[in-house]
Undergrad: 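Could you have a look at this structure, given as structure tokens, before my questions?
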Amino acid sequence: MTDRAALAARFRDLFGRAPRLFRAPGRINIIGEHTDTSDGWVMPAAIDRHVFVAAAANGRPDMRVASMQFEGVRSQPTDRLAKAGDWADYAFGVAWALEESGIAVPGADLLIEGDVPVGAGISSSAALEVAVTHALLALAGDLLDATRITMVAHEAESAFVGMPCGIMDQSASARAEPGHALMLDCRTGALTPLPLPDEAMFLLIDSAVEHRHADGAYRQRREEVERAAAKLGVPVLRDATEALLAERGHLLSPEEARRCRHVLSENRRVHEAAAALERGDLVALGQLINQSHASLSRDMEVSHPQVDRLAALAQADPGVLGARMMGGGFGGCVLALTSRDAADAVEQRIVGAWRQAIGRDVFSFQARITGAPGEVPV
Ligand code: GLA
């Protein structure tokens, strides 16, 4: 857990002033993976893991950024922000995106800390962007609604940092609703909060394969999906149908056909998952989660042999209703749906077996769906 008093004290040591504190949550994604870049549907939920930003105006023409995890203070003039190629880009990118949208960002000092695991597919970067957006808006004396905050954070990541991601992670962090899954239409931005049954528990287990260097593979998948859409004659795969695939599928390479099959089937699964949640049917939801994993592994090909092994291990546990890889893929965490009552025993069994299988320690946690962005007291 983040120690807010220690964060504020460190900020005073570094910058000689008292800060205000802001935070934004990481997310799980229940279902709807690799669909946001095709304008499809996703179902993330914000969790009780947050990135915190201590911030104060500095009365100077620059922005200074420090982190409790990394050495040194990064500094850039607010009127000439440029990508530097390290962790601080996410913060500078937000200032840049705010300026681009017409908001004058004051000179500011920021100190970053958090308990969202990095490289685990839980969206630590989106949480950082949304937290910094809240901080800089507050220092600028400006307000934006959650949808505009989402757009600023997404612009920071895609246009400044250069990661061609979809809108899911920033939406989940900026538009969080405690106790709810967020069914999001990535074309219209329409968000339907779905109450999660009390007995549902989502368990995260680290595969011990870091996905943080997977940007190239993600970009490649995105290009494949775009190529498939172009060959089918639709703007994005959201607009493709099974009928269109039957008619024009021969134009696709086998690989492109598999990517299509994933996106179309995953969009259908998100709707089926929403229906399952509405009738409180966690067994059906679990089956959809298992199917999502198979499709991500075989058709989208974004899993990893070690992640497949962990997902299979989790799926075989008698207390698990469904399990799958989560996030961009190529490593990161596996998400397992279990019941609140069984969660402790399930976690112990899976983590024990997994540690033994790979011969090293891994982290795991039960995700409480209580994440919320905004200013918090020190
Ligand atoms: C990453 C991206 C998201 C989304 C997922 C896959 O988390 O940031 O936009 O594409 O991968 O579903």
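Remember, it's 1-based here, ligands and their atoms both numbered in the order they're listed. This one's a predicted model, so the numbers in the text were calculated from it and none came from an experiment.
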Undergrad: Can you list every protein residue that has a heavy atom under 4.0 Å from any atom of ligand 1, sorted by chain and residue number?
TA: R27, E33, H34, D36, C165, G166, M168, D169, Y218, G327, G328
Undergrad: Could you list the residues that satisfy salt bridge (charged side-chain N to carboxylate O under 4.0 Å, His left out) with D185, not counting sequence neighbours?
TA: R238
Undergrad: Looking only at side chains, do E266 and S292 share a donor and an acceptor under 3.5 Å apart?
TA: yes
Undergrad: Here's one to test your reading of the geometry: is the NZ or CZ of R49 within 45 degrees of the ring axis of F365 and under 6.0 Å from its centre?
TA: yes
Undergrad: Side chains of H154 and D169: donor-acceptor distance under 3.5 Å anywhere?
TA: no
Undergrad: Do E33 and N29 pass the side chain to side chain donor-acceptor pair (under 3.5 Å) test, and can you show the C-alpha distance, the side-chain angles, and the key distance before you say yes or no?
TA: CA-CA 8 Å; E33 213 68 88; N29 185 21; 3.0 Å; yes
Undergrad: So, T150 and Q170: side-chain donor and acceptor under 3.5 Å apart, yes or no?
TA: no
